[in-house]
Amino acid sequence: MSDDEPKPGSAEDQGPVTITPELADRLAEKREELFEEFEIRDEFPNEVLREAEARTDGVYEEIEAEIDEREDLRDLTTWTTDPVDAQDFDDAISIEREEGAYRLWVHIADVTHYVTPDTAMWEEAVERANTVYLPDYTIHMLPPVLAETVCSLVPNEDRLAHTVEMEIDDETLSFEDIDIYKSVINSDERLTYKECENRLEDPSLPLGDENALAFELADRMHEQRKADGSLVLNPRRDRAHTIIEESMLKANKAVTHTLMWDRGVEAMYRVHPQPTPDQWNEALKEIQELDGVSIPGEAWGDDPRKAVNAALEESPERQLNKIQRAVLKVMPRAKYMNDPFGGHHALNFDIYGHFTSPIRRLSDTINHWIVHENDVPETLVELCDHASDKQKDGETAERLYKQFLQEQGLDPYAVNNRGVEVVEDPEEAKHGA
């Protein structure tokens, strides 16, 4: 899965995977091994925790004092959509239909209002560089006492946000106007992905019309991306994921285009090199040889991404993972760079970067700071390299931990989506099978 896509939500109708205390101990030991090997910091220093705790004091008075300096969007219909087990909500959306255009607001938690370069929290976030997600175990970039409270766009409470407001042309879906500013919002509701699907099924429910409009735009943007040559490795996602994925991609694109073309500044851009022609041929040959999979004749052309998209859409469900693996094997790693030269090959964007997840990615936090302060850190190149390396380490640790789970007879997907429960009776610990 691309790191530019939202992670799937949890299974909402199943209980946790059950394991014995002995197995729980083995899992804990394996995590400790991986943390040591990849220098992943699981515990926050006391100074950082004290600082985070202090920033949660007097929140409402602070927000009230900020309102005159920000756009007051508290009356704008706004909502979040996340997995059922999400602990923090760092993005919310609003949408309206206008004559000849859609107006889409993407509101992102204003992390850099609380975490600034002169704080221990900032230094710790720089060291960690990203949140690491292991099945049923998360190593946070920011202290949860802050990330899950004042930085979380919880419903029915005023929150500080960094808003990307986009006027999107009805015909071309290109930007007619982009405005990025600090705001105060008040989310109307926190939806799970399943609840979002329910609203789409029944528009008479609260936020039904708004979600229907959001999906109308998201679906059109998704189809346009595919037509333009964007690689879509997860072709069968539900509508709720499509809304969030496309909204966040559009906002990220708006911000980084603004930074590059309007301001001409360095930032933490996301660059994804393309495979060589021989590597692409190797992947397409492997895909074509899979049982029940064929690449339609009209898809063979100058762009192998479109050929892969077509194969994924028409292949049997059981072959999706094999097609994805064939592509990922030849794909170079995306990395952070201080200029966008080379673009993002998988997304087929000439300029791209991250802005929408400052609670879990250093790149987004840095870009928030650059957007608002117009202040580019002197160590930006080193920050790009460090964030790229730490992301690689986190993903490798995740892969090795999943392998270990499988060796212990556990399904990593089930553990990740349903969580675990330790039970004393070995007969009850059937791993949720």
Side-chain angles (χ1 to χ4, degrees), residues 1-8 133 221-238 241-242 245-246 248-249 252-253 269-337 340-354 387-389 391-403 406 411-413 416:
M1 181 187 303
S2 164
D3 65 335
D4 303 304
E5 299 172 359
K7 291 183 180 296
Y133 296 96
M221 292 192 296
H222 182 75
E223 292 303 317
Q224 184 187 69
R225 277 204 303 120
K226 283 198 301 185
D228 289 346
S230 184
L231 186 63
V232 181
L233 287 180
N234 295 288
R236 298 171 195 176
R237 348 193 73 155
D238 56 47
H241 278 92
T242 298
E245 177 181 2
E246 296 299 333
M248 298 308 124
L249 286 172
N252 285 332
K253 191 174 182 181
Y269 296 101
R270 189 72 170 157
V271 176
H272 184 233
Q274 60 182 310
T276 66
D278 285 346
Q279 287 173 321
W280 263 128
N281 287 337
E282 176 188 329
L284 293 176
K285 182 173 182 292
E286 185 174 334
I287 291 168
Q288 187 80 343
E289 291 174 353
L290 291 171
D291 183 40
V293 176
S294 64
I295 299 174
E298 65 273 14
W300 287 99
D302 295 333
D303 194 338
R305 292 168 296 194
K306 292 183 179 180
V308 172
N309 288 344
L312 283 162
E313 286 179 2
E314 299 189 19
S315 71
E317 186 80 29
R318 60 189 164 79
Q319 300 291 27
L320 285 181
N321 286 341
K322 293 177 183 176
I323 296 173
Q324 293 163 352
R325 280 199 295 270
V327 174
L328 293 174
K329 266 196 307 191
V330 302
M331 277 285 176
R333 288 188 62 82
K335 55 190 173 182
Y336 294 107
M337 299 187 69
F341 177 73
H344 196 294
H345 176 68
L347 291 171
N348 197 29
F349 290 168
D350 58 343
I351 295 172
Y352 188 66
H354 290 149
S388 298
D389 290 343
Q391 183 185 43
K392 180 180 179 182
D393 288 345
E395 290 175 355
T396 304
E398 180 186 2
R399 176 175 54 80
L400 293 174
Y401 189 61
K402 285 179 176 178
Q403 285 180 4
Q406 289 174 323
D411 177 358
Y413 180 82
N416 190 59

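As the structure is a prediction and not an experimental result, all values here were calculated from the model. All values below were derived from every heavy atom in this structure, side-chain atoms included, with hydrogens, water molecules and symmetry-related copies excluded.
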Separation between [atom1] of [X] and [atom2] of [Y], rounded to the nearest 0.5 Å:
X: M221; Y: D228; atom1: CE; atom2: CG; value: 12.5 Å
X: Q274; Y: R305; atom1: CD; atom2: CZ; value: 7.0 Å
X: I351; Y: N252; atom1: CD1; atom2: CG; value: 13.5 Å
X: K322; Y: L290; atom1: NZ; atom2: CG; value: 6.5 Å
X: L312; Y: I287; atom1: CG; atom2: CD1; value: 7.0 Å
X: L284; Y: Q279; atom1: CG; atom2: CD; value: 12.0 Å

I'd like to know if the side chain of [X] and the backbone of [Y] have a donor-acceptor N/O pair within less than 3.5 Å.
X: K335; Y: V271; value: no
X: Q406; Y: P412; value: no
X: E314; Y: S294; value: no

* **side-chain contact (heavy atoms from CB on, under 4.5 Å) assessment of T396 paired with Y401** => CA-CA 9 Å; T396 304; Y401 189 61; over 6 Å; no
* **Derivation of the side-chain contact (heavy atoms from CB on, under 4.5 Å) call for R318 and D291** => CA-CA 10 Å; R318 60 189 164 79; D291 183 40; 3.6 Å; yes
* Salt-bridge present (E395, R399; N to O < 4.0 Å) -> no
* Lys/Arg-Asp/Glu bridge criterion (N-O < 4.0 Å) met for R325, E286 -> no
If you look at every heavy atom in [X] and [Y], which pair is closest and at what distance?
X: P235; Y: E313; answer: CB-CG, 4.1 Å
X: A311; Y: I295; answer: CB-CG1, 3.9 Å
X: Y336; Y: S388; answer: N-OG, 2.9 Å
X: V232; Y: N309; answer: N-OD1, 2.8 Å

* Please work out whether the ring planes of H344 and H272 are parallel, tilted or perpendicular, with thresholds of 30° and 60°. => tilted
* Walk me through it: do R270 and L347 pass the test side-chain contact (heavy atoms from CB on, under 4.5 Å)? => CA-CA 11 Å; R270 189 72 170 157; L347 291 171; over 6 Å; no
* Check the pair K285 / Q288 against side-chain contact (heavy atoms from CB on, under 4.5 Å), numbers first and verdict last. => CA-CA 5 Å; K285 182 173 182 292; Q288 187 80 343; 5.8 Å; no
* Please determine which of S230, P273, P275 meets the side-chain contact (heavy atoms from CB on, under 4.5 Å) test together with H345. => P275
